Each structure stands twice: as C-alpha cells, then as structure tokens.
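Reviewing the structure listed below.
Everything numeric here is computed off the predicted structure, so don't read it as measured data.
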Amino acid sequence: MLANGSGKVRAGQTGIKRGVASWRLLFLSSGEAGLTEHMALAGRKPKAGQEIRLLDIAADAGQGYGLFDSLNGESNGAQFSKVLTDMASKYYGTPAIAYLEKLVDNYPEIPAKVKQAQKLFVSKNLSSGAGGQSNRAALRFALVAAAGELATLWGITGWEQGEALKSAEICFKVWLSQRGGDGNQEISAMLSQVRSFFELHGESRFTDWNRSVADDTHAAKTVSRAGYRKHTEAKDDNGNLIYTGDFHGDGTEKVFKDTEYYVLPTIFESEICKGLDYRVVGRLLASRGVLKKEGESFKRKERLPGGELARCYRITSDIFDDE
C-alpha cells in the first residue's frame, strides 16, 4: 500500500464508504531480505511492476566497509555507524525543517528544475532502447538526486555540488546491474521461463525425431511427451555448413548440430507458458526468430514421425542464446 499510494477502502458504521487515504512518497527499508526473498517464503514470485515499486539496492559500497564508502576518520564500520546513530538521535529533523522552509519559499521554480534534472539523469544513465520500467526507476533515483542537489545549493547538507547526483547514479547503476539491464523485466522473465523448460526437459520429454518409430527395440521411452526434437546440420546465414574443428575416424570434419523442438500445443500453452499469456510469449519468440510461424499463425502444420499430421509450435535452438 505504501508503493501504491492509497489505503484500503473501508465502510463506516452506516455502511457508507469512508474516504480513502492517499499519499505520494518515497520510502526506504533497511531489511536484509529483498522482495524476491520475502515472496519466495510464500512460494510466490514478484511481478516486474512490484519490483519497480520496491527497488532493491545492494548495501555494499564496494570499498571494504560494507554499507559505507568512507569511515570519515573512525576506526571501523561499527564505530562509524554508532557515531551516525548518535548524531541522528540528537539532530533528527533539523535539516528536514530547514529544507521544507526553502522548498516552500522557492516552490514556483522547483517543478521545472526537478523535471529538467530527471530528463538529464535518464539520458545519461539509460540507453535509447531502455524499457519503461527502467525509465520509471531512473526517475525515482533522479528525484532523490535533484532533492539532494537542491539541499546542497541551499547550504543544508555541507556537501560539494554534484555529490548527491553522483551517489544516486552509483545506486542506480548497482540496481540496474543486479536487474540484468535496462530492458523490461517481463521479456527477460518470459525468455528465462521458456528456456528453463527446454533445459530441464529437452531430452526426457522430447522424443528423438530420427529414431525409427517402428523400431521397438530402440524406441525411446518418453514419459509425458511434450513433443519431438530434430537434429540437423548447422549452417550459417549463407547456407554453408558450420564445422566444429574436430574430425571423424575417416578424416572428415565434424559438423555442428542444430536442434529444433516440435512442441505439442497443450504443453506449450499450459506448461511452458504457465502463468503467462501464451499469445504474448509466442509474439516475443517469433520476433526473436526463436519460433517459426506459418503465415500469421504461431502454430505450424507438421508431419511428425510416424506420418501423423499435426499442428505444433516449432522452437529453434536460438532459445538457448543469452540475449
């Protein structure tokens, strides 16, 4: 509710809806477990939107002092932490009151300055192809940076100009690195989920295409079949074979093998895309050349081993590419 900015809708004694409390704020938690760890305890996975509302930042400045990048003359991190705690207990609220007074006095010019600062922060720290989620997160870090720079400008912090901006950029880059880039997280999550299925079940649940169906003595025992896998010689964009650099016993060079998966529709839609919209996943895979379409349809009519003609999803080995 903190992140959503509104409280619960409740009824009064007469049954009439009470007014709903609302707010706009940024908040900080010093918890050792992040959102992902908390939800994992309940057997759940966070949505990308939830992770954007509560941004996890590693509490390690990378200088060997844990949270701190400098001990400011103290002997160790524990001692410096105690000094900070003592000072905060003694002087809490003092800079905030001074800041709010300056904010009220200069308010007419503040929104434009903050928006300009956010625009510069985003352009400096995100790529041109960044997703909307990373953009939203960057705006929050930029807001903190702008507030800090204003406080410094007004003589409240005692910092050098640019210090707040530098600190916000460091934290943002750490968050971005942990996240795995500035693309939308749903895309990475979908690709990861599909890839994981084939990594786990590529051999156990996909019958080898080239194994004779009629040969009962060598028939593969596929439990809960998800489809078939077909091995072909790998070729480059010009149609030339791609060799491994190793040789057969007869002296001929070995060729890399590509694997394609012919996935049964029910398995793709209910298992591989569990918890996702399989049509959205299909569009994503097709856009990346991982799924071979038939016209506008994501399913192709294929003649499977044994002569059966069936519609299925045809997935290429490009699913295992990292990007």
Side-chain angles (χ1 to χ4, degrees), residues 34-37 39-40 43-52 56 127 129-134 175-211 220 222-237 242 244 255-294 297-300 302 304 310-323:
L35 179 66
T36 301
E37 289 87 349
M39 296 189 70
R44 300 178 65 184
K45 293 170 59 177
K47 303 287 186 182
Q50 293 172 319
E51 292 180 319
I52 293 299
D56 283 343
S127 67
Q133 294 163 3
S134 297
W175 173 80
L176 203 61
S177 176
Q178 290 179 158
R179 187 174 185 268
D182 59 12
N184 278 341
Q185 200 71 0
E186 287 94 346
I187 293 176
S188 298
M190 284 189 284
L191 290 173
S192 177
Q193 180 168 321
V194 174
R195 186 184 299 120
S196 295
F197 184 90
F198 291 100
E199 288 173 345
L200 288 170
H201 307 296
E203 294 188 9
S204 61
R205 295 188 60 186
F206 288 87
T207 302
D208 192 334
W209 184 285
N210 299 314
R211 191 182 295 276
T222 307
V223 180
S224 300
R225 177 184 289 155
Y228 296 85
R229 56 191 171 98
K230 186 176 185 180
H231 305 293
T232 57
E233 294 180 327
K235 297 181 180 181
D236 60 23
D237 294 337
I242 302 175
T244 66
V255 178
F256 276 111
K257 293 290 185 180
D258 269 339
T259 302
E260 288 190 334
Y261 297 88
Y262 295 70
V263 187
L264 302 177
T266 53
I267 300 298
F268 181 84
E269 293 164 11
S270 64
E271 289 193 43
I272 296 179
C273 299
K274 184 177 181 180
L276 305 171
D277 186 330
Y278 71 88
R279 290 162 292 224
V280 174
V281 176
R283 282 195 293 271
L284 173 62
L285 297 180
S287 70
R288 292 179 171 243
V290 174
L291 185 147
K292 292 187 175 180
K293 297 170 60 178
E294 184 175 82
S297 175
F298 296 133
K299 287 181 283 191
R300 296 170 59 94
E302 302 282 354
L304 303 177
R311 299 189 70 81
C312 56
Y313 292 89
R314 189 170 167 181
I315 307 291
T316 72
S317 57
D318 290 336
I319 188 60
F320 297 109
D321 289 347
D322 289 334
E323 298 187 7

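Annotation: side chain of L291 is not in contact with side chain of V281 (no heavy-atom distance under 4.5 Å). Between K299 and E269, some side-chain heavy-atom pair lies under the 4.5 Å cut-off. Between T316 and D258 the shortest side-chain heavy-atom distance does not fall below 4.5 Å. A 4.5 Å side-chain heavy-atom check between S297 and R311 finds at least one atom pair inside the cut-off. Here the side chains of T207 and R225 are in contact, with some heavy-atom distance below 4.5 Å. At least one side-chain heavy atom of R288 sits under 4.5 Å from a side-chain heavy atom of L284.
A distance of 11.5 Å separates OG1 of T259 from CG of D318, quoted to the nearest 0.5 Å. Note that CD1 of I272 is 11.0 Å distant from OG of S196, once rounded to the nearest 0.5 Å. Atom CG in L35 sits 11.0 Å away from atom CD1 in I52 (nearest 0.5 Å).
When all heavy atoms are compared, the tightest approach of H231 to D208 is CD2-OD1, 4.0 Å. Nearest approach of R300 to K293, heavy atoms of both residues: NH1-O, 2.8 Å. Listed here is the closest heavy atom pair of F206 and A226: CZ-CB, 3.7 Å. Shown here for S224 and R205, the closest heavy-atom pair between the two residues is O-NE, 2.7 Å. In this structure, L191 and L285 approach most closely via the heavy-atom pair CD2-CD2, 3.9 Å. Contact record, Q193 with C273: NE2-C, 3.7 Å, taken as the closest heavy-atom pair.
In terms of modelled atom types and a separation under 3.5 Å, the side chain of E271 and the main chain of F197 share no donor-acceptor contact. Proximity of a side-chain donor or acceptor of R44 to a complementary backbone N or O of M39 within less than 3.5 Å is not detected. Looking at R229, its side chain does come within 3.5 Å of a backbone N or O of G202 through a donor-acceptor pair.
By the side chain to side chain contact (heavy atoms under 4.5 Å, CB included) test, R279 pairs with D277, R283, sequence neighbours left out.
Pairs passing the ring pair (Phe, Tyr, Trp, His ring centres under 6.0 Å) check and including a residue from residues 264-285, sequence neighbours excluded, read F268-Y313.
Residue E203 places its CD atom among 12 or fewer non-hydrogen atoms of other residues, nucleotides or ligands, all under 6.0 Å distant.
Between F320 and F198, the ring-plane angle classifies as perpendicular under the 30° and 60° cut-offs.
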